[in-house]
There are 4 protein chains.
Amino acid sequence: MEKNGNNRKLRVCVATCNRADYSKLAPIMCGIKTEPEFFELDVVVLGSHLIDDYGNTYRMIEQDDFDINTRLHTIVRGEDEAAMVESVGLALVKLPDVLNRLKPDIMIVHGDRFDALALATSAALMNIRILHIEGGEVSGTIDDSIRHAITKLAHYHVCCTRSAEQHLISMCEDHDRILLAGCPSYDKLLCAKNKDYMSIIRMWLGDDVKPKDYIVALQHPVTTDIKHSIKMFELTLDALISFNKRTLVLFPNIDAGSKEMVRVMRKKGIEHHPNFRAVKHVPFEQFIQLVAHAGCVIGNSSCGVREVGAFGTPVINLGTRQIGRETGENVLHVRDADTQDKILQALHLQFGKQYPCSKIYGDGNAVPRILKFLKSIDLQEPLQKKFCFPPVKDNISQDIDHILETLSALAVDLGGTNLRVAIVSMKGEIVKKYTQFNPKTYEERINLILQMCVEAAAEAVKLNCRILGVAQVFPQVAA
Amino acid sequence: MEKNGNNRKLRVCVATCNRADYSKLAPIMCGIKTEPEFFELDVVVLGSHLIDDYGNTYRMIEQDDFDINTRLHTIVRGEDEAAMVESVGLALVKLPDVLNRLKPDIMIVHGDRFDALALATSAALMNIRILHIEGGEVSGTIDDSIRHAITKLAHYHVCCTRSAEQHLISMCEDHDRILLAGCPSYDKLLCAKNKDYMSIIRMWLGDDVKPKDYIVALQHPVTTDIKHSIKMFELTLDALISFNKRTLVLFPNIDAGSKEMVRVMRKKGIEHHPNFRAVKHVPFEQFIQLVAHAGCVIGNSSCGVREVGAFGTPVINLGTRQIGRETGENVLHVRDADTQDKILQALHLQFGKQYPCSKIYGDGNAVPRILKFLKSIDLQEPLQKKFCFPPVKDNISQDIDHILETLSALAVDLGGTNLRVAIVSMKGEIVKKYTQFNPKTYEERINLILQMCVEAAAEAVKLNCRILGVAQVFPQVAA
Amino acid sequence: MEKNGNNRKLRVCVATCNRADYSKLAPIMCGIKTEPEFFELDVVVLGSHLIDDYGNTYRMIEQDDFDINTRLHTIVRGEDEAAMVESVGLALVKLPDVLNRLKPDIMIVHGDRFDALALATSAALMNIRILHIEGGEVSGTIDDSIRHAITKLAHYHVCCTRSAEQHLISMCEDHDRILLAGCPSYDKLLCAKNKDYMSIIRMWLGDDVKPKDYIVALQHPVTTDIKHSIKMFELTLDALISFNKRTLVLFPNIDAGSKEMVRVMRKKGIEHHPNFRAVKHVPFEQFIQLVAHAGCVIGNSSCGVREVGAFGTPVINLGTRQIGRETGENVLHVRDADTQDKILQALHLQFGKQYPCSKIYGDGNAVPRILKFLKSIDLQEPLQKKFCFPPVKDNISQDIDHILETLSALAVDLGGTNLRVAIVSMKGEIVKKYTQFNPKTYEERINLILQMCVEAAAEAVKLNCRILGVAQVFPQVAA
Amino acid sequence: MEKNGNNRKLRVCVATCNRADYSKLAPIMCGIKTEPEFFELDVVVLGSHLIDDYGNTYRMIEQDDFDINTRLHTIVRGEDEAAMVESVGLALVKLPDVLNRLKPDIMIVHGDRFDALALATSAALMNIRILHIEGGEVSGTIDDSIRHAITKLAHYHVCCTRSAEQHLISMCEDHDRILLAGCPSYDKLLCAKNKDYMSIIRMWLGDDVKPKDYIVALQHPVTTDIKHSIKMFELTLDALISFNKRTLVLFPNIDAGSKEMVRVMRKKGIEHHPNFRAVKHVPFEQFIQLVAHAGCVIGNSSCGVREVGAFGTPVINLGTRQIGRETGENVLHVRDADTQDKILQALHLQFGKQYPCSKIYGDGNAVPRILKFLKSIDLQEPLQKKFCFPPVKDNISQDIDHILETLSALAVDLGGTNLRVAIVSMKGEIVKKYTQFNPKTYEERINLILQMCVEAAAEAVKLNCRILGVAQVFPQVAA
C-alpha cells in the first residue's frame with residue numbers, strides 16, 4: 001500500500017456527464033479498476049448520458065462493465081443558456097446528497113462543460129479534493145472561462161499538452177500539483193493503431209475503397225453563429241462533391257442548428273450520392289481506424305485537431321470553432337471558409353499526404369502516469385490550495401510572537417559581544433541568522449543594527465518570508 | 001452620453017446577498033443613482049438579506065431608498081457545506097428567469113462568498129458581462145478558490161489593493177479590464193472621519209470615556225475550528241478584564257459557534273461588568289467613529305485589518321482568520337493566542353498608539369473611478385474574455401489564407417528583383433515586411449528565403465503573432 | 001364594476017403548460033381580455049410550451065396576441081417518472097417568485113397533469129385562490145389521483161359534465177363554489193361548426209374527397225404499456241388499409257413509444273400509400289372541420305371521446321386509454337383491439353353514420369358562465385375552504401362563552417313570563433326557537449330549561465349547527 | 001411469510017420530517033423493526049429534523065436506534081409561504097433519486113404538513129404505494145386542504161378517529177383501504193400511564209407539589225394572527241398569576257411570533273416567579289406523566305386536545321388554533337380569550353376535575369393493527385386507485401366486443417328452446433338473467449331478443465353495471 005497518509009485505499013469518485021468526457025475518463029476508470037488494492041471506484045452518471053435524444057449513453061458505461069453507483073437527472077429542458085444555468089443549479093441541488101453518501105477522497109472531473117463546473121463547485125465547497133483533467137487549454141470560446149474557473153476550484157491538474165501545463169503555471173496554480181500526462185484517450189488511440197483495419201474501412205466506405213484514398217467529414221453547428229455555420233457546411237459539401245473522392249459524412253451532433261444542417265445534406269442529395277456515405281455514429285474503436293487511414297479529415301470537430309494528429313493524417317479545420325487549440329502540423333486551417341474554391345484548394349493541398357505523427361496531445365502513457373499521481377496524493381496534506389503568486393511587497397504589520405522573541409533576544413544581546421538578527425519563517429523557524437560584532441558606541445550599534453535589519457529584510461523578500469518588522473521595536477528597546 | 005457603443009444608458013444589475021457585500025456595493029449603487037442619464041439600476045436581493053436570523057438586512061436597502069426589483073430566497077437550511085452547495089444550486093435555478101427579465105448589460109458582483117459564485121456563474125453562462133469587486137485578494141482560506149474562480153468568470157475587475165491588482169495580472173486576466181479603485185466602503189469611511197464623534201462614543205461607552213482610552217472588541221467564531229476559537233475568546237476576555245479599560249464588545253455573528261461564544265460571555269459576567277458594554281449591532285456610520293477614536297481594536301474581524309487602518313487606530317488581530325490579508329503597520333498579529341499573557345502584552349504594546357493612516361485599501365475615491373470605468377465599457381466589444389498568457393511555443397499548423405496569399409506573392413516574386421517575406425497578423429494585416437535583393441542562383445535564392453523566413457518567424461514570436469508556417473509551402477513552390 | 005369585495009379589477013393569472021391545456025384556457029383568456037374593465041390578465045407559460053421537441057407552442061399564445069408575462073423552464077429531462085417529479089419540484093422552486101411579483105387574486109389552472117399539480121400546490125400554500133378547470137372527471141388512470149388532489153387544493157371548480165359536478169360534490173367540495181360550465185374548448189368548437197369546410201378537407205385529404213367519406217386516425221402510445229400499444233397501432237393500420245377509404249393519419253405525440261409507432265408507419269408504407277395522408281400537426285380550427293365532417297374518427301385520443309361527440313361523428317375508441325371517460329353514443333369502444341378483424345368490423349359499423357350531437361361536454365356557452373362566476377368571487381370571503389362533510393357526531397367539549405352566557409341569561413330570565421331557547425348557527429343566525437311558559441317553582445324552571453336545552457341540542461345536531469349559543473337570545477328577550 | 005403477492009419481505013420506507021410526525025411514526029417504526037421476517041425498513045429524514053434551530057431532532061431517531069438511510073436538506077430559508085413552497089420543490093427535486101435507490105414497496109407518510117405533501121406527490125407520481133397516517137381529520141385551517149390532497153394521492157389510509165374514517169369514506173376513498181387504528185402515539189401514551197410519576201412531577205414542579213394540584217401551560221404563536229396570539233398569551237399569564245397555583249410553562253415553539261411571546265414571559269417575570277417553572281423541553285415520556293396528573297392543562301397545543309384526553313385531565317383550549325379538532329368532554333374551549341376574567345373563570349371551572357378517559361384518538365392498539373394492515377397489502381393488486389363515487393348515469397357508448405358476441409350468440413341460439421339474456425358486471429359476474437321461451441318465427445325471435453335486451457339494459461343502468469355483455473352467457477347456454 002502506497003502512502004496517501006491513511007494506509008487505506010483511495011476512494012475515487014469519477015463523475016461523467018456525456019459521451020465526450022467519458023471517452024477521456026473511461027481509460028482512467030479502467031486503470032483504477034485494475035488496481036483494486038489501491039483504489040475504490042464510485043461512478044456517478046449525470047447530464048446528457050441519461051437522455052434519450054443523446055443516445056442514453058450511460059449504457060456504454062454499463063457495457064464497459066462499470067457499476068454505476070448513482071444516476072442523476074440534471075438537465076433542464078429549454079435548449080438555451082438559461083436552461084444551461086438551471087441545469088448547473090439542478091446538479092448542485094442534488095450532488096451534495098451523493099457526495100455525503102459516497103464520501104470520496106477525490107473526485108475526478110473532466111473538461112469545460114457546464115456540468116463539470118457543477119461537479120467542481122460542489123466538491124470544492126464540500127472540501128473534497130478535485131482532480132481536473134484537461135485544464136489549461138485554450139479554445140478561444142466561452143468554454144475558456146468555465147475551464148479556467150474549474151482550474152481555480154481544482155486541487156490537482158492533469159493536463160494534456162505542454163502549453164496547457166504552462167498556462168496552468170501562468171495562472172499561479174501550484175506546479176507540484178500539475179501533471180502533464182497527455183490525453184487519456186490517446187492511450188486507447190495509440191494502442192489501437194496497428195489493428196487490422198481494412199475490414200472496417202470497407203464496412204463504412206465500401207468494398208472498393210483504398211487506404212489514404214477517402215475522406216472523413218465531421219462538421220458540427222457553431223451555436224454562436226448558426227447561420228454562418230450552415231453556409232459553411234453547404235460550401236464544404238459543394239467542395240467535397242467537386243473533389244470527387246469517396247467520403248464518409250457523419251451527421252452533426254444534436255446542438256442547435258443541427259436540423260438545418262441535415263436539411264442541407266438532404267438538399268444536396270448526399271444520402272443518395274454514390275461517393276458519399278452518411279452515418280449517425282461510428283463506434284470509437286472503428287472511428288480511430290477510419291481517420292488513421294483516411295486521405296484527409298475535414299470539418300470542425302475537436303477530434304480533428306486533437307486525436308487525428310496522432311496518426312499524421314491530414315486535417316482541414318474549417319472556421320473558428322477550434323481556433324485556439326494547439327495542433328500538429330497536419331492541420332490546415334480554413335478560417336474563413338467563405339468560398340467553395342478555398343476549401344477545394346485546401347483539399348488539393350492536404351489529401352493523401354502523410355505528416356509525422358504528433359505527440360502534442362499524448363504519447364499513450366497518460367493513464368499509468370495518472371494512477372501514479374493519484375497514489376502520491378497525501379490526504380494528510382491540508383486541503384487548502386496554495387496559489388503561487390509571484391512575490392509582491394510584503395505585509396508591514398507586526399507579529400506579537402516575533403516581537404516577544406526579538407525583545408528577549410535583544411535584551412540579552414545589546415550588552416553582549418555580538419549583535420544578532422534573524423529571519424524567522426511564518427512557522428517560527430529561524431531561516432537565516434546575521435551576527436556582527438557589537439560596536440562600542442550606542443550610535444554605532446543602532447546604525448549597525450538598522451543596517452543588518454535592512455539586509456535581512458531584503459533577503460526575507462527573496463525567501464518569500466515575511467519581513468517581520470524587526471526594526472520597529474528597536475526604538476522602544478533603545479528607549 | 002458617453003460611449004458604450006450603444007448610445008443608450010447602461011443597464012446595471014447589482015446583486016447583493018448580505019450585509020457585508022452591501023457595505024461595499026451601496027456606495028457604488030449610490031453613485032450609479034446620481035447619474036441617471038448614464039445608468040439604469042436594477043437591484044436584486046438574495047441570500048441572507050432575506051433571513052430573519054440575519055436581521056432581514058434587505059430593509060437597510062429599502063431605507064437607503066433603493067427599489068428592490070427582485071427578492072429571491074436562495075438559502076437552504078442545514079448550516080453545513082452541503083447546504084451551502086444546495087444554496088448555490090437554488091440560486092442558479094432561479095437567477096436565469098430574473099436575468100432574462102432584466103436583461104442587464106452588466107452585473108456587479110462582490111467578493112468571494114458562495115452566493116457570489118452563483119451570481120457569476122449564471123451571468124457568465126448567460127453571456128452577461130460581469131464586473132467583480134474585490135477580486136485578487138488572498139485570505140489563505142477556502143474563499144480563495146471561490147474568489148479566483150469568480151475572477152475567471154468575470155469580464156471586468158475592480159480591485160482594492162495594489163497586491164490584488166498584481167495577483168489578477170499574475171493570473172493572466174486582461175490588464176485593460178482591471179481597475180485598481182480602492183475599496184468602495186472607504187469612500188464612506190473617509191468622508192465620515194471628521195464628524196463630531198464624542199456623542200457617539202458617549203452613547204455606546206458611557207459618559208466618562210475619553211477618545212483613545214477605550215477598546216473595541218469584535219471576535220467571530222472560526223467555523224473550521226470552533227473549539228479553538230471559543231478558547232481564544234475566553235483568553236481574550238480574561239486579558240481584557242485584566243487590562244481594565246472601558247471596552248465595547250460586539251456579539252459574534254451568527255455562524256456556527258456563536259452560541260457557545262455568547263455562553264462564554266455570560267460565564268465571564270461581561271454583560272454586567274462595569275468596564276464592559278456588550279451590544280449586538282452598531283450602525284456602520286457610528287461604528288466608524290467608534291473605531292476611529294478607539295485606543296485599540298481587538299479581535300478577528302476583517303473590519304479590523306481592512307477598515308480600521310484608515311484611521312491609524314492600533315489593531316490586535318487574533319488567530320488565523322485574517323492570515324493572508326494585507327494590512328497596514330497598525331496591525332499586530334497574535335497568531336497563536338494561546339495564553340492570556342500574550343494577548344495582554346499585545347494590548348500593552350498597542351493601546352493608545354496612533355499609526356499613520358493607511359491607504360492600502362483605498363483613498364476614498366473608489367466610486368468615481370468605478371463609474372468612469374463603467375462608462376468606458378464598450379458593449380460592442382466581443383464578450384469573449386481574453387486571457388493574457390505569456391507566449392508559449394506557437395502553433396505549427398498552417399492556414400490556407402496565408403498559403404494562398406504567400407503563394408501568389410511568391411509566384412510573382414521569384415522572378416523579380418526582390419524577394420519578399422512578411423509577418424501577417426491573425427487579422428490578415430501585414431505587420432512587418434522583409435525585402436532582399438533576389439540572388440542569381442536557385443540555391444542562393446532558397447537559402448536566402450529560408451533565412452528570411454527564420455528571421456521573420458523569430459520576430460513573429462516576439463510580436464505575439466502566429467509564425468504562419470511560411471516556409472512549408474516553399475518546396476512546393478520551388479518544385 | 002361588480003363586487004369582488006374590493007371595488008377593483010380582479011387580477012387573474014392564467015398558467016398554461018402545454019398545447020392541450022391551452023386549448024381549454026385560450027377561450028377563457030380571450031373572454032377575460034374582452035372585459036378589461038373587470039379583469040387584469042397575467043399569463044405565465046411553463047412546461048412543454050417552451051420545448052422545441054413539443055413545437056415551442058408558446059408561439060401559439062403570442063400569435064393569439066397575449067402578452068406572456070413570465071416564461072419558466074420547468075421540465076427536467078429524463079422521460080421517466082423521476083424526471084416528472086423533479087419537474088414538479090423545479091416548478092415549485094420557481095413559481096413563488098412569480099406569484100409574489102404578480103400577486104394575483106386568483107389563479108386559473110387546468111386539468112390533471114403534473115404541471116397543474118405544481119401550480120395548484122404553490123398557489124394553495126401561498127394563499128392564492130385557485131379556479132380549477134375540468135375537475136371531477138374520471139379517467140381510470142394515475143391522472144385521477146392528481147386531478148382529485150388538485151380538487152382538494154382548489155377553491156373554485158369549473159367542471160365540464162354533470163357527472164364531474166356530481167363527483168366534486170361527492171368528494172365534499174362546497175357546492176356553492178362549483179360551476180358546471182361545460183368545456184371551454186366547446187365554445188370555439190361549436191361556433192366554428194358552420195364555416196365553409198370543403199377547402200379545408202380538400203387541403204388535407206385531397207381534391208377528390210367527399211364529406212363523410214374519409215377517416216381521421218389519431219393514435220398515441222400508451223406509456224404504461226408501450227409494447228401493446230405498438231401492436232394495436234399495427235393492427236389498426238392493417239384494418240385501415242383493408243377498409244380502403246381515404247384516411248388522414250396524425251403522427252403520435254412525443255411520449256415514450258412514439259418513435260416505434262413512427263417506425264411501424266414507415267414499415268407499412270403509410271407515407272406513400274395513395275389512400276393515406278400522414279401529417280404532424282393540423283391547426284385546431286381546421287382539425288375541427290376535419291373531424292366534424294369525417295365518416296369516422298378512429299384512435300385513442302381524448303379528442304375522439306370528448307370533442308368529436310359535439311358533431312355526432314362516429315368514433316372508434318381503441319384500447320383502454322380513455323376507458324373511464326364519459327362519452328356520447330357516437331363512440332364505439334374496441335377495448336381489446338387484438339385482431340385486425342375486430343377493428344375492421346368496427347369500421348364497417350361506424351363509418352358514415354350520423355349520431356345526434358352530444359352536449360355532454362358542453363353547449364358552447366362555457367366562457368360567459370365562467371366570466372360571470374369569476375366576477376361573483378368575493379375576495380373578502382375567507383380563503384379557508386369549507387369541506388361539506390355529512391354530519392358526524394358532534395363535539396362533546398364545552399365552550400366557556402356558552403357557559404358564561406347561559407349562566408347569566410338564566411339569572412335574568414327566571415323571573416319572566418316565558419323561557420326561551422334557540423339554536424344559533426355558526427354565523428349567529430337564529431335557526432330555531434323554543435318557547436315555554438315559565439313554571440312557578442325554581443326546580444320546575446330548571447328542569448324545563450334543561451329539557452329544552454336537550455331538545456334543542458338534539459335538533460342542532462341534525463341541522464349541523466353548533467349545539468351552543470342556546471342562551472344567546474335571552475338577554476334580548478329580557479330587554 | 002404472509003402474502004403480499006410476492007413471497008418476500010415488504011420494503012417499507014418511513015419518511016419523517018419533524019419532531020411532531022416522528023412521535024406518531026416512531027411507534028410504527030418500532031413495530032416494524034420487531035418483525036424483521038416480514039418487513040425491511042428504510043428511514044428517510046428530511047425537513048426540520050436536520051435544522052439546528054429546531055433542535056437537530058434527527059438525533060432522537062439515532063438514539064432510538066434506527067439507521068437513517070438518507071438525510072435530505074429540504075428547507076429553504078425565508079420563513080414565509082414562498083419559502084414553504086420552495087421547500088416542497090426542493091424535496092421533490094431530491095426525493096426521486098432516493099426512491100429510485102431504495103425502491104420501497106410502500107412509503108409511510110404522516111399528517112398534513114407541506115413536507116408530507118412533497119413525500120406523497122413524489123411517491124404517487126413514481127408509482128409507489130403510500131400509506132397515509134392521520135388523514136380525514138378536520139382542523140379548520142389551511143392544513144385541511146393539504147391533508148385532503150394527500151388523501152387523494154395516498155393508496156392506504158390509517159386514521160385515528162371514527163369521524164376521520166367517515167370523512168375519508170365521504171370523500172370517496174375506498175373503504176377497503178381505510179384502517180381505523182387510533183393514533184399510534186396513544187400506544188406509547190397509554191402503556192406509560194401507570195408508571196411511578198411522583199419523582200417526575202417533583203423534578204419539574206418542585207418537591208412540595210401534589211398530583212392534580214398544578215397546571216401545565218403550553219401555548220404557541222398562531223402564525224396567521226401573531227398580534228392577537230401575543231395578547232392572548234399575556235392575558236393567560238395574568239390569569240395564571242391570579243389563579244395562584246404551581247404552574248409549568250413550556251416555551252413556545254419556534255414559529256414566527258415565538259420571540260415576542262418569550263419577551264412577554266420576561267416582562268411578566270415568569271422565569272423568577274415562585275409559582276412558575278419555565279422550561280424549553282420535557283422528554284415525551286415525562287411529559288405524559290406531567291399532564292396525566294395535572295390539575296389542568298391550558299393553552300392551544302394540539303397535544304391538549306388530542307393526547308391529554310386519554311387521561312381525563314381537564315383542558316382549557318384557548319383561541320381557534322384547534323377549532324376543528326374532535327375532543328373529549330374534558331376540553332373547555334375559550335375561543336375568544338379576550339379578557340383575563342374569562343380565562344380565570346375557565347380555570348375555576350376546570351382545575352382539579354377528573355373526566356372520564358377518552359378513547360376518541362386511540363385505545364393503545366394502533367401499531368398492531370397497522371402492522372396487520374401492512375401485511376395484508378397485496379403488491380399484485382393494481383396500483384391504480386379506485387374512487388368510490390356514488391352511481392351516476394352510465395355511459396351510453398357501445399362496445400364492439402359486446403356487439404360481436406351478441407351477434408354471434410344470436411346466430412347460434414336461434415334454434416334452441418330458450419332465449420337468454422344476462423346483465424354482467426364489470427368483473428364478469430352474472431348479476432341478473434332473463435329467460436324467455438324461444439318463439440317460432442325468426443321475426444318474433446328477433447323482436448323478443450331485442451325487447452329483452454332493452455329491458456336488461458334499463459335494469460343495468462339502475463344497478464350501475466355495464467349495459468354490455470348481454471350475450472356473454474349465450475354460448476354457454478347454447479352448449
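Every chain is numbered from 1, with letters handed out A, B, ... down the list of sequences.
No part of C/Leu95 comes within reach of chain D, as not one of its non-hydrogen atoms sits under 4.5 angstrom from that chain. If you measure heavy-atom distances from C/Val315 to chain D, you find no contacts under 4.5 Å at all. Contacts of C/Asp144 with chain D are made by both backbone and side-chain atoms, with heavy-atom separations under 4.5 Å. If you measure heavy-atom distances from D/Ala346 to chain C, the contacts under 4.5 Å come from both the backbone and the side chain. Only the side chain of C/Asn127 comes within contact range of chain D, with at least one heavy atom under 4.5 Å from a heavy atom of that chain.
Between D/Arg101 and D/Asp97 there is no salt bridge, since no side-chain nitrogen of the basic residue lies less than 4.0 Å from a carboxylate oxygen of the acidic one. Comment: D/Glu173 does not engage D/Lys386 in a salt bridge, judged by the lack of any side-chain N to carboxylate O separation of less than 4.0 angstrom. The existence of a salt bridge linking C/Glu137 and C/Arg325 is confirmed by a sub-4.0 Å separation between a basic side-chain nitrogen and an acidic carboxylate oxygen.
Options D/Pro382, D/Ala149, D/Cys388, D/Ser358 differ in how many heavy-atom pairs under 4.5 Å they form with chain C, and the most are formed by D/Ala149. Between chain C and the residues D/Val93, D/Leu99, D/Ile316, D/Asn317, the most heavy-atom pairs under 4.5 angstrom are made by D/Val93. When the candidates D/Glu81, D/Met171, D/His155, D/Met84 are compared by the number of heavy-atom contacts under 4.5 Å with chain C, D/Met171 comes out ahead. If you tally non-hydrogen atom pairs under 4.5 Å between each of C/Ala154, C/Ala118, C/Gly89, C/Ala120 and chain D, the highest count goes to C/Gly89. Between chain D and the residues C/Thr151, C/Ile343, C/Leu125, the largest count of heavy-atom pairs under 4.5 Å involves C/Leu125.
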*Go through the steps for C/Ser163 and C/Glu326 under the test side chain to side chain donor-acceptor pair (under 3.5 Å), then give the verdict.*
CA-CA 8 Å; C/Ser163 300; C/Glu326 279 182 278; 2.8 Å; yes
_D/Lys94 and D/His73: CA distance, side-chain angles, deciding distance, side chain to side chain contact (heavy atoms under 4.5 Å, CB included) verdict_ = CA-CA 9 Å; D/Lys94 293 174 151 205; D/His73 294 312; 3.9 Å; yes
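With sequence neighbours left out, D/Arg77 forms a side-chain hydrogen bond (donor to acceptor under 3.5 Å, both in side chains) with B/Asp53. Residues satisfying the ring pair (Phe, Tyr, Trp, His ring centres under 6.0 Å) test with D/His148, not counting sequence neighbours, are C/Phe387, C/Phe389.
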